[in-house]
Colleague: 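I'd like to ask you about the structure that follows.
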Amino acid sequence: MAVYCNSAPFSCKASRNRDPAPLSALLPTRLFSLLQPPISFHPDRLKLSTRRWDKVASAVVSEESAVGSSSSGTDVFNLTYLEGNSWLWDISGVRALVDPILVGNLDFGIPWLYDAAKKFLKNFELTDLPQLDCLLITQSLDDHCHLKTLKPLSKMSPNLRVIATPNAKPLLDPLFRNVTYLEPGQESEVEAANGSKVRIQATAGPVLGPPWQRPENGYLVISPRGQLTLYYEPHCVYNEDFLEKEHADIVITPVIKQLLPNFTLVSGQEDAVRLAKLLHAKFIVPMKNGDLHSKGFLASIIEGEGTIESFKELLSKELPDAKTLEPTPGEPLQIPPP
């Protein structure tokens with residue numbers, strides 16, 4: 001799979017059939033990559049609290065029930081989708097907040113061009129979060145490293161352990177005291193108060209600038225007993241050579257492409273299938289990171305390509321035993337070892 005780069009933002013995408021073109025005429029430097037067509041949903045999940053953290057959500061598993069609950073001594077991932085690129089994960093007691101957008105809208109400082117708000121978790125507040133063990137940041141752009149959220153979070157928890165791309169160093173260093181910056185291939189360990197530990201390894205994500213710029217990050221997250229590994233990268237952009245020796249039981253990825261004219265903002269569909277096959281995934285959790293109330297010129301010209309159903313059809317031909325789990329915003333999706 002080729003990975004194409006140029007000097008425009010979002011200039012490195014995994015795509016075999018669609019070569020990206022420069023966006024300098026359309027986008028200011030360091031903009032965004034998180035739009036896809038709205039998907040209708042029942043907006044009755046408006047608050048997340050620690051009391052609901054252990055609740056197991058139902059999920060679509062190729063039109064079957066979600067995987068069941070865990071037993072003692074078994075690693076479990078509880079994955080709570082907070083819309084956009086944001087997640088709250090509980091990995092056998094280790095709680096990680098991922099790419100959070102929890103305060104205000106996402107507008108990159110240019111709301112006339114793009115302005116997005118969540119559809120379902122409209123009343124979610126930072127105080128609704130459980131005690132966190134880690135903040136995980138994949139990219140340095142505002143749709144992943146959201147300063148409106150991170151500034152008040154840092155005041156609440158200045159000593160919170162942070163693992164991030166080195167590209168976010170100018171943004172995170174003034175806010176947090178305990179930041180570990182991982183280059184692709186490097187790893188670090190996070191320990192919870194209960195003694196559980198998870199290992200986090202950075203992988204190569206998109207290059208959001210000239211070809212010589214450091215790539216942003218994806219992550220492999222290994223559970224305390226090593227029974228489960230999760231892979232997360234929010235653009236479906238990956239280095240095939242880097243990942244070919246890895247595996248992941250769970251893959252979180254976009255599956256619906258987000259396109260500007262002659263340019264791929266976020267990949268998906270066949271590239272997401274190829275990623276799942278490369279990592280020998282057993283569970284694929286499709287992100288709906290464009291399912292936001294958005295407005296502005298840029299929002300009006302973005303188009304989606306493919307659906308979750310078309311992804312499932314492609315996946316069934318390449319990985320017939322893999323299961324697709326669709327998350328419900330605000331509800332934990334529990335995945336024990338297969």
Side-chain angles (χ1 to χ4, degrees), residues 1 10 13-18 20 32-45 57-67 79 81-87 114 116-121 143 206 231-238 250-279 281-295 298-331 333 335:
M1 177 192 63
F10 315 105
K13 295 293 166 186
S15 178
R16 291 183 183 270
N17 302 319
R18 191 182 185 101
F32 74 101
S33 63
L34 90 160
L35 292 171
Q36 69 190 41
I39 300 172
S40 62
F41 193 82
H42 200 12
D44 56 353
R45 307 284 196 263
S58 62
V60 177
V61 186
S62 302
E63 299 182 358
E64 297 176 355
S65 298
V67 290
L79 310 175
Y81 189 39
L82 302 180
E83 299 189 77
N85 294 313
S86 305
W87 293 85
Y114 180 75
K118 294 186 176 183
K119 285 187 173 182
F120 312 120
L121 303 178
D143 53 334
Y231 173 80
Y232 175 68
E233 198 290 312
H235 287 200
C236 193
V237 176
Y238 50 92
I250 306 163
V251 170
I252 300 178
T253 182
V255 301
I256 299 173
K257 295 185 179 182
Q258 301 169 32
L259 310 173
L260 282 171
N262 299 314
F263 186 84
T264 302
L265 290 174
V266 174
S267 195
Q269 294 293 290
E270 70 277 1
D271 291 319
V273 171
R274 193 173 298 115
L275 172 64
K277 188 174 182 180
L278 180 67
L279 291 171
K282 298 176 177 64
F283 305 108
I284 294 87
V285 180
M287 293 182 65
K288 301 175 182 178
N289 50 355
D291 190 17
L292 302 168
H293 287 303
S294 58
K295 59 185 179 180
L298 206 55
S300 70
I301 63 173
I302 299 223
E303 295 184 358
E305 181 178 295
T307 63
I308 291 180
E309 292 304 318
S310 64
F311 165 76
K312 289 181 181 179
E313 183 176 352
L314 292 170
L315 183 69
S316 67
K317 297 175 182 177
E318 298 292 336
L319 282 178
D321 295 330
K323 298 178 180 179
T324 302
L325 309 177
E326 296 184 52
T328 299
E331 295 289 351
L333 169 63
I335 307 179

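Residues take their numbers from the sequence shown, with the count starting at 1.
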Colleague: Atom CG of Leu315 and atom CD of Glu313: how far apart are they, to the nearest 0.5 Å?
Modeller: 11.0 Å
Colleague: What I'd like to find out is whether the side chain of Glu305 reaches to under 4.5 Å of the side chain of Thr264, using heavy atoms alone.
Modeller: no
Colleague: So which atom in Pro286 and which in Glu326 form the shortest heavy-atom distance, rounded to 0.1 Å?
Modeller: CG-CG, 4.1 Å
Colleague: Locate the shortest heavy-atom distance separating Ile256 from Gly306; write the atom from each residue and the value.
Modeller: CG2-O, 3.5 Å
Colleague: Is there a side-chain contact between Pro206 and Glu233 in this structure, where contact means two heavy atoms from C-beta onward sitting under 4.5 Å apart?
Modeller: yes
Colleague: Once rounded to the nearest 0.5 Å, what's the spacing between atom CD1 of Ile252 and atom CZ of Phe283?
Modeller: 12.5 Å
Colleague: For the residue pair Trp87 and Tyr81, categorise the inter-ring angle as parallel (less than 30°), tilted (30 to 60°) or perpendicular (more than 60°).
Modeller: tilted
Colleague: Rounded at 0.5 Å granularity, tell me how far NZ in Lys288 sits from CD1 in Ile308.
Modeller: 4.5 Å
Colleague: Using side-chain heavy atoms (C-beta onward) and a distance below 4.5 Å, is Val285 in contact with Ile335?
Modeller: yes
Colleague: So Leu260 and Ile302, do their side chains get closer than 4.5 Å, heavy atoms only?
Modeller: yes
Colleague: Applying side chain to side chain contact (heavy atoms under 4.5 Å, CB included) to Tyr231 and Thr253, what does each step give before you reach the verdict?
Modeller: CA-CA 8 Å; Tyr231 173 80; Thr253 182; 6.0 Å; no
Colleague: Check this for me: does any side-chain nitrogen of one of Lys317 and Glu270 sit under 4.0 Å from a carboxylate oxygen of the other?
Modeller: no
Colleague: What pair of heavy atoms forms the shortest contact from Gln269 to Thr307, and how long is it?
Modeller: NE2-O, 3.0 Å
Colleague: Between Leu79, Ile284, Leu333, Leu325, which is the residue that forms a side-chain contact (heavy atoms from CB on, under 4.5 Å) with Ile250?
Modeller: Leu79
Colleague: Considering only NZ, NE, NH1 and NH2 on the basic side and carboxylate oxygens on the acidic side, decide whether Lys118 and Glu83 come within less than 4.0 Å.
Modeller: no
Colleague: Quick check: do His235 and Pro254 have side-chain heavy atoms less than 4.5 Å from each other?
Modeller: no
Colleague: From Thr324 OG1 over to Leu319 CG, what is the distance, rounded to the nearest 0.5 angstrom?
Modeller: 10.0 Å
Colleague: Say you draw a straight line from CD of Glu331 to CG of Leu121; how long is it, rounded to the nearest 0.5 Å?
Modeller: 9.5 Å
Colleague: List the atom of Asn85, the atom of Pro234, and the distance in Å for their closest heavy-atom pair.
Modeller: OD1-CB, 3.8 Å
